Amino acid sequence: MNDPDPNGHKAGKRLALWLVIAVAIAGVLLYVFTSRVAEPASEQRAPLNEVQPSAR
């Protein structure tokens with residue numbers, strides 16, 4: 001299973017490289033989502049059952 005490919009590389013190293021690439025892509029996508037797509041907590045609306053401070 002861990003036989004070298006025709007270039008002499010071991011399959012485990014190839015698998016580890018693909019795993020690193022996949023984790024890097026997932027990290028970039030998560031960063032982009034949290035920084036641009038998701039609403040920052042300061043801009044979120046209050047829940048409907050919460051009374052506004054001005055109405056108290």
Side-chain angles (χ1 to χ4, degrees):
M1 183 171 154
N2 207 14
D3 297 330
D5 65 5
N7 295 329
H9 299 107
K10 298 251 179 168
K13 288 184 181 178
R14 220 173 31 236
L15 181 64
L17 179 64
W18 281 112
L19 186 63
V20 167
I21 291 171
V23 169
I25 291 172
V28 168
L29 290 175
L30 184 66
Y31 170 75
V32 168
F33 176 78
T34 55
S35 65
R36 297 186 182 185
V37 178
E39 273 186 55
S42 61
E43 295 177 12
Q44 289 180 355
R45 294 184 303 175
L48 294 175
N49 60 355
E50 197 172 292
V51 179
Q52 294 291 333
S54 58
R56 288 182 188 163

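The model shown is predicted, which means the values in this text are computed figures rather than measured ones.
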Chemist: As a quick check of understanding, evaluate side chain to side chain contact (heavy atoms under 4.5 Å, CB included) for I21 and L17, giving each step before the final call.
Modeler: CA-CA 6 Å; I21 291 171; L17 179 64; 4.1 Å; yes
Chemist: Taking W18 as the starting point, is it possible to reach L29 by hopping between hydrophobic residues whose side chains are less than 4.5 Å apart?
Modeler: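 Same cluster: L29 reaches W18 through Ile, Leu, Val, Met, Phe, Trp or Tyr contacts under 4.5 Å.
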Chemist: Could you give the distance from CD1 (I25) to CG (L30), rounded to the nearest 0.5 Å?
Modeler: 13.5 Å
